[in-house]
Protein chains: 2
Amino acid sequence: MSSTESPSSGPSSGPFPARPAAGLPALRTHNAALVLDLLRTSGADGISRLELAERTGLTPQAVSKITARLRAEGLAAEAGRRASTGGKPRTVLRLVPGAGSAVGLHLDRDALIAVAVDLAGAPLAERRAPLDFASGAEAVVDTAVREVTALRTTLGVDPLGVGVALPGPLDHATGLLHRVTGFPEWDGFALRDVLARRLGVPVVVDKDTNAAALGLALAGATASARDSFAYLHLGTGLGAGLVLGGALHRGARTGAGEFGHQVVQLDGPRCGCGNRGCVEALCLAAVAAGAPDEAARVLGEGAANLVGLLDVDLVLLGGRTVDEDPERYVRGVGAVVRERARRAGAPPAEVRAARGGDRAVADGAAQLLLAPLFGRADAASVAHHGSH
Amino acid sequence: MSSTESPSSGPSSGPFPARPAAGLPALRTHNAALVLDLLRTSGADGISRLELAERTGLTPQAVSKITARLRAEGLAAEAGRRASTGGKPRTVLRLVPGAGSAVGLHLDRDALIAVAVDLAGAPLAERRAPLDFASGAEAVVDTAVREVTALRTTLGVDPLGVGVALPGPLDHATGLLHRVTGFPEWDGFALRDVLARRLGVPVVVDKDTNAAALGLALAGATASARDSFAYLHLGTGLGAGLVLGGALHRGARTGAGEFGHQVVQLDGPRCGCGNRGCVEALCLAAVAAGAPDEAARVLGEGAANLVGLLDVDLVLLGGRTVDEDPERYVRGVGAVVRERARRAGAPPAEVRAARGGDRAVADGAAQLLLAPLFGRADAASVAHHGSH
DNA sequence: CCACTTAAGCAACGGTGTTGCCAAAGTGCA
DNA sequence: TGCACTTTGGCAACACCGTTGCTTAAGTGG
C-alpha cells in the first residue's frame with residue numbers, strides 16, 4: 001500500500017506545446033549536462049577545465065562556475081593535476097561515479113535480470129530469476145518488485161530510478177504495454193505506473209532493443225564517438241535499435257526498430273506474422289537449417305537496406321545467435337554491406353559485434369534513467385511517484 | 001571576379017564540439033524562432049499573444065517582449081482583434097510575409113526551375129530553363145547564375161539566400177557534389193561555394209528528395225501537424241526524404257533516403273546499380289510493363305518496410321509517375337501498408353499524395369534558407385559570402 | 001631571484017525570462 | 001449613464017545565465 005494518492009501523471013501530457021520553450025533553468029541544465037557528459041566519457045583519466053571549455057565552446061569562466069556547482073552537488077571532484085606546459089598546471093576533474101545509481105531491469109520471456117549501476121555505468125550488483133510471461137502481469141510484477149527490492153537493500157542507497165526493458169510492442173511515452181507477442185492479456189497493462197507505485201521510485205519502460213542500443217550509445221562513447229548507429233539483435237527474434245544523431249529514435253509510438261518483419265523477398269516463404277519473405281523468417285530458417293552463412297547474408301541485405309536508408313556508418317550485431325559465432329556474422333554481414341556500399345559509391349558502414357553479453361539490455365535499461373543527466377535523452381515519459 | 005578574398009568557410013568545421021553549448025543569444029534565437037514558427041503556421045488567421053504563451057510554455061510577459069522585438073524588426077505585425085470574452089479583447093498578431101524572401105533552385109537532369117518565395121512560403125516569381133548535366137559544371141552553373149540573377153532583378157529586393165536541390169549523392173554539410181549518377185565529371189565539385197561566390201548570397205545545397213520533404217514538412221503544417229513522415233518520390237528514379245521528429249534526417253553524410261536501392265527481392269532481377277531485386281528496378285519495370293498496380297504493390301512493400309523500421313505515421317507520395325495517377329498509387333501503397341500494420345498489431349500509417357507538382361522541389365529548396373528562421377533546422381552548412 | 005607563462009577565480013556587466021503591479025479596454029448589470 | 005468586473009498587455013524590478021576585464025595562484029626557465 002502506497003502512502004501517495006495521485007495515480008501518477010507524466011510531466012507533460014496535456015495540450016502539449018509543439019516544441020518546448022527554453023528559459024534560464026533549461027539553459028543551465030543543458031550546459032551542466034554537457035559538462036557532465038564529457039566528465040563521464042573521459043572516465044578515470046579525468047579532464048581539465050580548459051579542455052572542457054574547448055570541447056563545449058563555453059568560456060573557461062563559465063566552465064569554472066558550472067564545475068563549481070557540480071562539485072558542490074557532489075557529482076564532480078578534483079583529481080590531481082596534469083604536467084605543466086610552462087605555467088600553472090591544469091587541474092583534472094573527474095565524475096564521482098558513486099554520487100548516484102540506477103537500476104536496470106530486463107524482463108525477457110523466460111528470465112529476469114536486474115542490475116544496479118553507478119553514474120559511470122559500472123556494475124554494482126546483479127540478480128537473476130526465472131520468469132514466465134504466460135503467468136500473467138501480476139506474477140511478473142511481483143517477481144520484478146521482489147528482485148528490485150532485494151537489489152536495493154544490497155545497494156544501501158536509493159537509486160535515481162528503475163529502467164525496464166522488455167520485448168513486446170509498448171509505448172515508451174505512456175508506459176503502457178501493447179499486444180506483447182503471444183501474450184494477449186498484457187495488452188494495455190500500465191507497467192510503468194504500476195511499478196512506479198509499488199517501488200516508489202521513478203520508472204521508465206522501453207523496448208529491449210532500444211535499451212540495448214542506448215547502452216551501447218553511452219558505453220561505446222569512449223571507443224567510437226559515432227553519434228548514429230544501428231544495433232541489430234538476432235536471438236529468438238530479430239529486432240533493431242536505432243541511434244540517430246546521438247539520440248535513440250523511437251518513432252511516433254515507440255514502434256521504430258521493427259526490423260525483423262522487413263520484407264526482403266517478395267512473395268517469399270510465409271512468416272509467422274503473416275507477411276511473406278520477412279528477414280526474420282529467412283534468417284531464422286537458415287539458422288535452423290544449419291546454414292549460418294546464409295543467415296548472415298540475409299541479415300546483411302537487411303542491414304544494407306537500413307544503412308542505405310538512414311545513412312548510419314556503424315552497425316552493431318548482438319543477440320544469442322550472433323554471440324555463438326560473432327566473427328562469422330560480422331564477416332558475412334560486413335561483406336554484403338561493403339559490397340552494397342561500393343555499388344552505391346558511398347563509404348561503407350563499419351560492422352562490429354556488440355559487447356555486453358546477456359547483460360547488455362539490463363545495463364541499457366539502467367541508462368534510461370542516467371542518460372537524461374548527460375543530456376542524451378529527453379527526460380519525458382518518466383513516471384514519478386513522490387515517496388519520502 | 002569577387003571582391004572578397006577568403007574562399008568561404010563553414011561556421012563550424014574545426015575541432016568541432018560534440019554537442020554545442022548554449023548561451024543567452026542561443027536562448028533568445030530559439031524562443032524567437034518558436035514564436036515565429038507559430039506565427040507562420042497560423043497564417044492569415046493570426047494568433048494572439050496569450051495563445052502564443054500557451055502554445056510555447058512561455059510567460060505572457062516573455063511573449064510580449066519577444067513579439068515586440070519581432071515587430072521592431074518588421075517580421076510581425078498586429079492585425080485586428082478577436083471578439084471579447086468578457087474583458088479586453090486579444091490583439092491578433094501576424095507574420096509579415098514580405099519581410100524576407102528566399103530563392104529555391106531545382107537542378108534536374110534536363111530542366112531548371114528557379115522560384116522565389118516569401119517568408120510564408122508563398123510564390124513570388126518563377127523561371128524555367130532547359131538544362132543538361134552532361135554539358136558540364138561550368139555550363140550548368142552559368143545557367144543557374146543567369147536564371148537566379150534574372151529572378152532577383154524581377155524581385156527587387158535581396159533574398160536571404162539561395163537553396164539548391166539536385167539529384168545525385170552530395171554532402172549537404174560541405175556543399176560538395178559526389179558521383180552524380182551518370183555524370184562522373186561532377187564528382188567533387190564545390191557547387192555550394194562556387195554559387196555562393198558568384199551570386200554573393202548565402203547558398204545551401206541538398207538532395208532533391210530532402211528539399212521536397214522539407215517543403216512538405218513546412219507547408220503541410222497547417223493541415224497535419226505530424227512531425228515525422230516519409231516522402232517517396234517515384235519519377236525517373238525512386239528516392240525518399242525523411243522527416244523525423246520535425247527535422248530532416250540527412251544521416252552521417254547526407255546519404256539518407258537511398259530508398260530506391262533497397263533490396264526487396266533477394267536474388268531478384270539485376271538492377272542498374274548492380275544489386276538484385278531493388279525496389280526501384282522492380283517498380284520501374286512494372287511501370288514500363290504497363291502494370292501500375294504491381295508497381296504500387298512493390299512500392300507499398302518498400303513503404304511498409306520503412307514505416308515499420310522508423311515508425312512514421314504518414315507517407316507522402318510524389319514524383320512524375322505518381323502524379324500521372326495519384327489515386328491508384330495511394331490506394332495500392334495504402335493497401336499494403338494497412339495490411340502490414342494490421343498484421344503487426346500497430347495503428348496504420350496514413351498514405352497520401354504530396355501536393356506541389358513539379359514546383360515541389362524548388363519550393364522546398366527555398367525552405368532550406370527559411371527553415372532555420374523558424375527553428376526547423378540547424379543553420380550549419382550554409383556558405384556565406386560577405387557581399388555588401 | 002626574477003621574468004614569463006598558464007590556470008583559475010573575483011567582480012562587474014549585458015541580457016534572458018519571471019514576478020508583481022498597474023493601466024487599458026472591453027462586457028454586463030443596476 | 002455609471003460602475004463593478006474581467007481580461008489583456010506593458011512597465012519596472014528581479015534573479016540568474018554566460019561573458020568580459022582584471023587579479024591572484026602556481027608553475028617553468030634563465
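Small disclaimer: the values here were computed from a predicted structure and weren't measured. Here is the naming used below: chain letters follow the sequence lines, and residue numbers restart at 1 for every chain.
For A/S64, the side-chain atoms get nearest to C/dA8 when compared with the rest of C/dA8, D/dG18, D/dA13. Picking from C/dG15, D/dG18, C/dA7 the nucleotide with the shortest atom distance to the side chain of A/R90 gives C/dA7. Distance from the side chain of A/L27 is smallest for D/dC17 among the nucleotides C/dA8, D/dC17, C/dG17. The nucleotide whose nearest atom lies closest to any side-chain atom of B/T85 is, among C/dT19, D/dT20, D/dT7, D/dT7. Minimum atom distance to the side chain of B/L58 is reached by C/dG17, of the listed C/dG17, D/dT19, C/dA8. Nearest to the side chain of B/L50, among D/dT19, D/dC16, D/dT8, sits D/dT8.
As judged by a 4.0 angstrom heavy-atom cut-off over every strand, A/R69 is placed among residues touching the sugar-phosphate backbone only. Counting any heavy atom pair closer than 4.0 Å across all strands shown, A/L24 reaches a base atom. Nucleic acid contact class of A/S84 (heavy atoms, under 4.0 Å, all strands): sugar-phosphate only. Residue B/P60 is out of contact with every strand shown, counting any heavy-atom pair closer than 4.0 Å.
Between C/dG26 and B/R81, a contact under 4.0 Å exists linking OP1 or OP2 to a side-chain N or O. OP1 or OP2 of D/dG10 sits under 4.0 Å from a side-chain N or O of B/R49. In this structure, B/N31 does not reach the C/dT16 phosphate: none of its side-chain N or O atoms is under 4.0 Å from OP1 or OP2. Using a 4.0 Å cut-off, no side-chain N or O of A/T91 falls inside it from OP1 or OP2 of C/dA7.
Counting to the nearest Å, the P atom of D/dC16 and the NZ atom of A/K65 are 12 Å from each other.
Minimum heavy-atom separation, B/D311 to A/A256: CB-N, 3.2 Å.
Note on B/R49 versus B/E54: no salt bridge recorded, every NZ/NE/NH1/NH2 to OD/OE distance being 4.0 Å or above. Ion pair B/E51/B/R82 flagged as a salt bridge, since at least one NZ, NE, NH1 or NH2 atom sits closer than 4.0 Å to an Asp/Glu carboxylate oxygen.
Side-chain to base pairing of A/K88 with D/dT24: no donor and acceptor N or O lie closer than 3.5 Å to each other.
Comparing A/P89 and A/A22 along DNA chain C, the residue whose closest nucleotide (by nearest heavy atom) sits nearer the 5' end is A/P89.
Distance check: A/R250 CZ to A/D206 CG gives 4.0 Å after rounding to the nearest 0.5 Å.
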